[in-house]
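As structure tokens, the structure follows; a few thoughts come after it.
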Amino acid sequence: MRTRILCAPMILLLLAAALCGCTGADDENQLALQLRSDFLAMDGCNGAMEVTADYGQRVYTYTVEFSGTKKDGITLVITEPEEVAGITARIASGKTYLEFDGVQLETGPLNEDGLSPLDALPAFLTAIKTGYMAETGSELLGEAETLRICCRDPKQGVGQGLETVLWFDKAQKTLLRGELRSDGATLVRCEFSAFILTTSTTTTEKG
């Protein structure tokens with residue numbers, strides 16, 4: 001109990017610091033902080049998403065199921081298209097391992113910094129947990145009212161460097177879409193058909 005009481009003010013300060021200079025209404029910023037708190041408390045997540053990776057001359061689309069825990073890392077399994085279905089990527093401790101049988105998957109770098117499609121989901125989780133939230137705003141995504149959060153280096157301006165953009169359903173507080181952008185160009189887009197976040201006290205689900 002004593003440790004929890006002493007740490008609470010520090011956690012609040014860390015959360016508030018993430019929004020210093022952020023453009024957004026007070027209610028949007030507060031929801032962003034609430035989401036960050038939820039993801040910091042997460043024990044794991046699982047779900048499904050459609051991943052679109054743009055290599056300029058080539059665009060690849062995959063359907064991926066994923067699951068992960070703090071202890072074991074993240075596992076991603078491609079379910080479509082059929083010719084690459086079953087390829088499994090395991091991401092743990094910053095290292096990625098691909099498992100496949102007689103097929104190849106394009107996972108080469110999307111930009112000069114070595115960004116690949118497999119980096120997308122871990123990058124989304126890192127951004128919402130610890131990234132600098134430069135912008136928040138409300139946006140209609142299909143029929144869903146969403147909170148849009150843009151994370152980037154605080155020293156960079158709009159459309160400069162690497163940006164991680166996330167859309168959360170305001171009512172369900174679940175992740176609907178994520179994008180990785182480099183100098184304003186979208187390199188990876190993930191559309192989530194299901195996203196389940198497991199924390200120590202509750203589970204939030206989309207899909």
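No hydrogens, no waters, no symmetry mates; every other heavy atom, side chains included, goes into these values. The shown structure was predicted, so the numbers you read here are calculated from the model rather than taken from an experiment.
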Side-chain contact, heavy-atom cut-off 4.5 Å: Y132 with C151? no
Looking at every heavy atom in both R152 and V158, which two are closest together, and how far apart are they? NH2-CG2, 3.3 Å
About how many Å separate CD of Q30 and OG1 of T136, when rounded to the nearest 0.5 Å? 10.0 Å
In the structure I gave you, are the side-chain heavy atoms of I149 and V165 within less than 4.5 Å of one another anywhere? no
Derivation of the salt bridge (Lys or Arg N to Asp or Glu O under 4.0 Å) call for E28 and R148: CA-CA 9 Å; E28 294 164 347; R148 177 182 179 275; over 6 Å; no
Sorted by chain and number, sequence neighbours left out, side chain to side chain contact (heavy atoms under 4.5 Å, CB included) with V64 holds for M49, V51, Y62, L76, I78
Does the side chain of I87 reach to within under 4.5 Å of the side chain of V77, using non-hydrogen atoms? no
Side chain to side chain contact (heavy atoms under 4.5 Å, CB included) partner of E179, chosen from V188, T52, T186: T186
Using atom types as modelled and distance alone, determine if a side-chain donor or acceptor of T126 lies under 3.5 Å from a backbone N or O of P122. yes
Do L121 and I74 have side chains that approach each other closer than 4.5 Å (heavy atoms only, starting at C-beta)? yes
Taking only residues two or more places apart in sequence, or in another chain, which ones meet Q34 in a side chain to side chain contact (heavy atoms under 4.5 Å, CB included)? L31, D38, K173
Evaluation steps, side chain to side chain contact (heavy atoms under 4.5 Å, CB included), between F192 and F124: CA-CA 12 Å; F192 292 87; F124 298 156; 4.0 Å; yes
Candidate pair T174 and D169, rule side chain to side chain donor-acceptor pair (under 3.5 Å), full reasoning: CA-CA 5 Å; T174 50; D169 185 296; 5.2 Å; no
From L40 CG over to L125 CG, what is the distance, rounded to the nearest 0.5 angstrom? 11.0 Å
If you measure from CZ on R189 to OG1 on T61, what distance do you get to the nearest 0.5 Å? 10.5 Å
Atom CZ in R177, atom CD in E139: separation rounded to 0.5 Å? 7.5 Å
Give a yes or no answer on whether the side chain of S182 reaches the backbone of A185 with a donor-acceptor pair at less than 3.5 Å. no
Can you list the residues that meet the ring pair (Phe, Tyr, Trp, His ring centres under 6.0 Å) rule with F168, with sequence neighbours excluded? F39
Establish, from distance only, whether the side-chain atoms of D43 and T198 form a donor-acceptor pair under 3.5 Å. no
Stepwise, does the side chain to side chain contact (heavy atoms under 4.5 Å, CB included) test hold for T146 with L176? CA-CA 8 Å; T146 72; L176 299 179; 3.7 Å; yes
Does S138 reach the side chain of K170, with side-chain heavy atoms less than 4.5 Å apart? yes
Distance, nearest 0.5 Å, that separates CG of L166 from CG of L180: 8.5 Å
T63 vs T79, test: side chain to side chain contact (heavy atoms under 4.5 Å, CB included). Steps then yes/no. CA-CA 6 Å; T63 301; T79 58; 3.3 Å; yes
D153 and L162: CA distance, side-chain angles, deciding distance, side chain to side chain contact (heavy atoms under 4.5 Å, CB included) verdict: CA-CA 8 Å; D153 187 326; L162 183 64; over 6 Å; no
Exam field: side chain R36 to backbone K129, donor-acceptor pair closer than 3.5 Å: yes
